[in-house]
Amino acid sequence: MTRRVTSRLVADAAGVAEAARILAGGGLVAIPTETVYGLAADATNARAVAGIYAAKSRPAFNPLIAHLPGAAAAMEHGLFDDVARRLAQAFWPGPLTLVVPVAAGSPICDLARAGLATVGLRVPAHPVARALLTAVGLPLAAPSANRSGHVSPTSADHVLSDLDGMIDAVLDAGPCEVGVESTIVACLHEGPRILRPGGIPREAIAACLGDGAVLAAMSEADAEDRDDPPLAPGMLASHYAPNARLRLDAAAPQAGEAWLGFGPDPVAAMETTARFNLSPSGDLLEAAANLFSGLRTLDRTGVDRIAVAAIPADGLGEAIRDRLARAAAPR
Ligand code: TXA
Ligand code: MG
């Protein structure tokens, strides 16, 4: 992956303006929030979002939280039921993330949502985060700004010790106040459920919604793995799965198969109209950015089978292969 020169920006008006400029141009900036530092990119730019996964060395595509400057802006991206509205009103801005069905027409890219039909939305309280979100005018996808498997950073120094040379800048606003990540509450058809304990205590959520309204959380063991809370498959339909069956590491499509290519297409692929190339030049960042839209595009043609070109396993290829293997698993 490409090395970047990482600058440390002071979180004054000029620093915020510079961070906004970098982000609008598709760059990566670690930003302060009241919980932990987040590694931000334009959530509507799949290539920029692919850069987040590459910088963090995430071996799989987890859905990312989209950050917005206010509740009204957040509600443009998701479908809020009564419960979600009440939680938003009570705790935003603040360390609460709501997982809700994504709104039709939201420009937040598939890759930021890991292909899911839901979206995680958060309105941070940190004044620098709010100033930046207002200045940039885009939803910012931002997981914690640590390398995958490391603990979340609560200072610019922590960020740099993990990500120096991998990101364009860190906006340094000193240490984070809360120090633990946001509480994540899913507000989907089954009722509210805490997916990750965090800065807003369970009691406060329960008090807001009334007794018994909050479904059981995940097991403690699950919740402890902060970087990767494994959502029980099925419970939240947490994995995007195409209808078509996938055949991986294919050299070329067979009769009746669509083609999901990477690198130069084989001659046989030219004969199928249902084809999509993730990256003709063999660029893994570009392939990651196109993965979910490519799968969706081919799935929508109604084909039964999709042959998928071999993707190398290095760098972002590992996450792409992980996702494809899940999509190919029998259901
Ligand atoms: O406090 C925080 O939440 C920090 C700051 C930067 O905002 N962010 C953070 O992001 O902790 P991250 O990526 O480290 O953790 C977000 C978690 C992921 O593990 C992901 O599984 C979950 O949120 N998540 C996001 N969108 C989701 C969705 N649509 N469905 C289920 N889980 C989702
Ligand atoms: Mg994290």
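Counting convention: from 1, in listed order, for ligands and their atoms alike.
Between R21 and E18 a salt bridge is recorded (basic side-chain N to carboxylate O distance below 4.0 Å). Using a 4.0 Å cut-off between a side-chain N of Lys or Arg and a carboxylate O of Asp or Glu, R47 and D42 do not qualify as a salt bridge. Salt bridge D304/R245: absent, no basic N to carboxylate O contact under 4.0 Å.
The N/O atoms of T35, backbone and side chain alike, include one that comes under 3.5 Å of an N/O atom in ligand 1. Residue contacts with ligand 1: T118 is placed with a nitrogen or oxygen under 3.5 Å of a nitrogen or oxygen of the ligand (distance criterion only). Among the atoms of T33, none of the N or O lies under 3.5 angstrom from an N or O of ligand 1. Geometrically, ligand 1 and K56 share no nitrogen or oxygen pair separated by less than 3.5 Å.
When only modelled atom types and interatomic distance are considered, N146 and S144 share a side-chain donor-acceptor pair under 3.5 Å. A donor-acceptor pair shorter than 3.5 Å cannot be found between the side chains of S148 and R58.
Not a single heavy atom of H126 lies less than 4.0 angstrom from ligand 1. At least one heavy atom of R122 sits closer than 4.0 Å to an atom of ligand 1.
Using a 4.0 Å cut-off between heavy atoms, R196 contacts ligand 1 through its side chain alone, with no backbone atom that close.
Every ring-ring contact (aromatic ring centres under 6.0 Å, His included) that F61 has, sequence neighbours left out, goes to Y53.
Listed by number with element, the atoms of ligand 1 under 4.0 angstrom from any heavy atom of I184 are 17 (C), 22 (C), 23 (O). In summary, the atoms of ligand 1 found under 4.0 Å from a heavy atom of S144, numbered by their order in the structure, are 8 (N), 9 (C), 10 (O), 12 (P), 14 (O). Close contacts of ligand 1 with G38, meaning ligand atoms under 4.0 Å from a residue heavy atom, involve 6 (C). Interface atoms of ligand 1 facing A142, defined by a heavy-atom separation under 4.0 Å, are 6 (C), 8 (N), 10 (O). Set against the non-hydrogen atoms of R58, the atoms of ligand 1 under 4.0 Å away are 13 (O), 14 (O).
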What donor-acceptor contacts under 3.5 angstrom involve side-chain atoms of residues 73-87, with partners at least two apart or in another chain?
residue, atom, partner, partner atom, Å
H77, ND1, S106, OG, 2.8
D81, OD1, V83, N, 3.2
D81, OD1, A84, N, 2.8

### Task
Determine, step by step, whether R321 and D249 satisfy the salt bridge (charged side-chain N to carboxylate O under 4.0 Å, His left out) criterion, reporting the C-alpha distance in whole Å, the side-chain angles of both residues, the deciding distance to 0.1 Å, and the verdict.
CA-CA 10 Å; R321 291 186 63 86; D249 296 311; 2.9 Å; yes

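Counting heavy atoms from C-beta outward, L39 and I167 have side chains that approach closer than 4.5 Å.
Here N146 does not reach the Mg ion (ligand 2): none of its N/O/S atoms is less than 2.8 Å from the metal.
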